[in-house]
Number of protein chains: 2
Amino acid sequence: MADQSAPPSSESLLFLTDEQLRKGIEAMFFAYRGFTADPDRILEERGYGRAHHRAVHFIHRSPGTTVNNLLSILGVTKQSLNRVLRTLIEDGLVESKVGTKDKRERHLTLTDKGRELERALSDAQRNRMRDAYRKAGPEAVQGFRQVLVAMMDGDMRRHYLALKDAGQ
Amino acid sequence: MADQSAPPSSESLLFLTDEQLRKGIEAMFFAYRGFTADPDRILEERGYGRAHHRAVHFIHRSPGTTVNNLLSILGVTKQSLNRVLRTLIEDGLVESKVGTKDKRERHLTLTDKGRELERALSDAQRNRMRDAYRKAGPEAVQGFRQVLVAMMDGDMRRHYLALKDAGQ
DNA sequence: GTTTTAAGTCAGCCTTGTTGACATTCCAAG
DNA sequence: CTTGGAATGTCAACAAGGCTGACTTAAAAC
């Protein structure tokens, strides 16, 4: 599924100067700032940080996910995640239910309050993304996603592709 | 939400469902991990962090830049930057020279040792970027950059565009 | 001569990452 | 039934790298 598109074999020469690549790197750096700017503002108002955002996002995306699964998606230690998760549970944004089949596992879901925060964050981020897409045009969107996927490490690509997708 | 599986091919109206936007957001998140993974490894070996990388990158990019200019590009406080800059100067990677015209200013340049680190970091990062570009194809590269630029905040876009560019 | 600007420094705080050690629970294999 | 190991949680300590606020020094600007 990863790469079956026509390899640029025949004219596989992309003229990629160091300067062009450098501009790509810098674009990534500056764009990521924009990407996180709106959520950061909302989070700060409510006393949370990016770590909370990430947790809320992926719990929303995969309701009932286990702590271990979340750990491997987020790529942090359980101690680090636990601190964040604990405050979210205490504040009533996340619910942790002991597994029925395997009672060692905890299944995480958002509460109404948690969904409300997720809404606010993802609305802001989607608006930014939509504006960027509109400015760049439909063809750009395709290319954007393709390059990003190609930039991921294998593990992360696997996680990315595993997320429920309502079609490209 | 019934059926949006058809890609909006070359339509000027973008059908941007929440799901599509969400996948873009997640792609950005996972890709940024890949983007920083290689430099992070190199930095760790040498006892530096991403903050050092950013400083070294932009000093290399704009030799002789002042501290104030660097501050506005990086978007951090001078106390934060100073801590990083001090270790780089102590370790002999960066040189700080009093300005000739305005003696309040310090002009920052990389030493040979600094250039060596910058080389290692940017080689790794460019290789990743080049591979991603190759996998995605030439048209994707255009779109990638366009969306990223559109995603930047105004200030950052200004900085980005101001960086010397040896042509697209 | 006063004010403003550029830079540096000190102290302290916060978030979010890390290790390491250890307790608990409980599934599953022997 | 017992035990090993997996999944989770928790405590403590630490580090990087953000932040604010207060303050100094030097030089430029007015």
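Just so we're on the same page: letters track the sequence lines, and every chain starts at 1. Only heavy atoms go into these numbers, but all of them, side chains included; no hydrogens, no water, no symmetry mates. Quantities reported herein were computed from a predicted structural model and do not represent experimental measurements.
- Side-chain proximity of A:S96 to the nucleotides D:dT8, D:dG9, C:dG17 is greatest for D:dG9.
- One atom, CG of B:L81, and another, P of D:dC19, lie 10 Å apart when rounded to the nearest Å.
- Position along DNA chain C of the nearest nucleotide to A:Y48 versus B:E105 favours B:E105 as the more 5'-ward residue.
- No hydrogens or angles considered: nothing links the side chains of A:H159 and B:E26 as a donor-acceptor pair under 3.5 Å.
- Distance A:L108 CG to D:dA7 P: 15 Å, rounded to the nearest Å.
- For B:N68, no side-chain nitrogen or oxygen approaches OP1 or OP2 of C:dT5 to under 4.0 Å.
- Atom CG in A:L70 sits roughly 14 Å away from atom C1' in D:dA7 (whole-Å rounding).
- For the 3.5 Å distance criterion, the side chains of A:N69 and A:T65 qualify, holding a donor opposite an acceptor.
- Rounded to whole Å, the distance from CG on B:L85 to C1' on C:dT9 is 14 Å.
- For the pair B:L71 CG and C:dT5 P, the computed distance is 15 Å after rounding to whole Å.
- Annotation: B:F29 is in aromatic contact with A:F58 [ring centroid separation under 6.0 Å].
- Nucleic acid contact class of B:H107 (heavy atoms, under 4.0 Å, all strands): none.
- If you check D:dC19, D:dG9, C:dT19 against the side chain of B:Q79, the one that comes closest is D:dC19.
- Out of C:dT5, D:dT10, D:dG18, the shortest distance to the side chain of B:R104 is found at C:dT5.
- Across all strands shown, A:R83 has heavy atoms under 4.0 Å from base atoms, whether or not it also approaches the sugar-phosphate.
- Each of A:K78 and A:G49 was assigned the nucleotide of DNA chain C with the nearest heavy atom; the assignment lying further toward the 5' end belongs to A:G49.
- Within the 4.0 Å cut-off from OP1 or OP2 of C:dT16, at least one side-chain nitrogen or oxygen of A:H52 is found.
- Using cut-offs of 30° and 60° on the angle between ring planes, the pair A:Y32 and B:Y32 is parallel.
- Atom CG in A:L74 sits about 12 Å away from atom C1' in C:dT16, given to the nearest Å.
- Between the side chain of A:R106 and the base of D:dT8 there is no donor-acceptor pair of N/O atoms closer than 3.5 Å.
- Considering B:D38, B:T36, B:D123 in turn, B:D38 is the only one that fulfils the side-chain hydrogen bond (donor to acceptor under 3.5 Å, both in side chains) rule with B:R128.
- Using a 4.0 Å heavy-atom criterion, one finds that B:G47 contacts no nucleic acid atom at all.
- When the side-chain nitrogen and oxygen atoms of B:R50 are compared with OP1 and OP2 of D:dG17, none of them lie within a distance under 4.0 Å.
- Between B:E44 atom CD and D:dA15 atom P the separation is 14 Å, expressed in whole Å.
- Side-chain contact of B:T66 with B:H107: a donor-acceptor pair under 3.5 Å is absent, judged by distance alone.
- The nearest whole Å value for the distance from the CG atom in B:N82 to the C1' atom in C:dT9 is 7 Å.
- Within the 4.0 Å cut-off from OP1 or OP2 of D:dC19, at least one side-chain nitrogen or oxygen of B:T77 is found.
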